[in-house]
Amino acid sequence: MTKTFITQASAQVRLSRASAAHMRTPVAAPGESDRESQASAQLQAPTRMVLTRRGKLVLAAAVALLVVLAVAIIAPLRAASSTEAPQQVEVRQVQPGDTLWGFAEQITPAGKDVQQTVSELEELNDMDTATLYVGQRIVLPVS
């Protein structure tokens, strides 16, 4: 009795394995060979791409490079498209007794702040301070 039970149980296990294998094996369509059906099953099998750590680093570096390139291309275009018109200037050589404030008073329109003009002159001449030296050349905007 025990022997019969084991035999029936093993037969059921074999049957379930065979049916599971049958479910995984693609069935050939009419007029299609087994090789063709296996090839089409492999082509249709869904694949999932998984990035490794190295792949993620390469992808991040590529994205960062694209961002840097975009900024490098866009920044000069924005600067070139500024609406500021070119300014006419004259160059003067500093004489004894000349001061930046004196030059600013000469070119500042009536009612405007002379200190603002001094700041603009410092920026225009790339100066850190308002100190002038005899013989120095200074650029002044023409009004």
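The structure presented is a predicted model; accordingly, all values stated were derived computationally and were not measured.
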Exercise. Counting heavy atoms not belonging to Glu123, are there more than 12 under 6.0 Å from its CD?
Worked result: no

Problem set entry | All side chain to side chain contact (heavy atoms under 4.5 Å, CB included) counterparts of Gln116, not counting sequence neighbours | Asp113, Glu120

Exercise. What pairs of residues pass the salt bridge (Lys or Arg N to Asp or Glu O under 4.0 Å) test when at least one of them lies in residues 89-103, not counting sequence neighbours?
Worked result: Glu90-Arg92

For this session: Report the distance from atom CG of Asp128 to atom CD of Glu122, rounding to the nearest 0.5 Å.
Result: 8.5 Å

Exercise. Which distance, rounded to the nearest 0.5 Å, do you find between the CG of Leu132 and the CD of Gln95?
Worked result: 11.5 Å

How close do [X] and [Y] get, heavy atom to heavy atom, and via which atoms?
X      : Y      : answer
Leu124 : Pro141 : CD2-CD, 3.8 Å
Pro76  : Ile73  : CD-O, 3.5 Å
Val139 : Asn125 : N-OD1, 2.7 Å

Seminar exercise, completed: In Val142, Leu121, Val114, the residue satisfying side chain to side chain contact (heavy atoms under 4.5 Å, CB included) with Ile107 is Leu121

Result block: side-chain N/O donor-acceptor pairs under 3.5 angstrom for residues 50-71, not counting sequence neighbours:
| from | atom 1 | to | atom 2 | distance (Å) |
| --- | --- | --- | --- | --- |
| Thr52 | OG1 | Gly55 | N | 3.1 |

For this session: Evaluate the side-chain contact (heavy atoms from CB on, under 4.5 Å) criterion for residues Lys112 and Thr117: first the C-alpha distance (whole Å), next the side-chain angles of each, then the deciding distance (0.1 Å), finally the verdict.
Result: CA-CA 8 Å; Lys112 298 290 182 174; Thr117 306; 5.5 Å; no

Problem set entry | With sequence neighbours excluded, residues passing side chain to side chain donor-acceptor pair (under 3.5 Å) with Glu105 | Trp101

For this session: Can you run down the side-chain hydrogen bond (donor to acceptor under 3.5 Å, both in side chains) pairs that involve residues 131-142, sequence neighbours left out, and say none if there aren't any?
Result: Thr129-Thr131

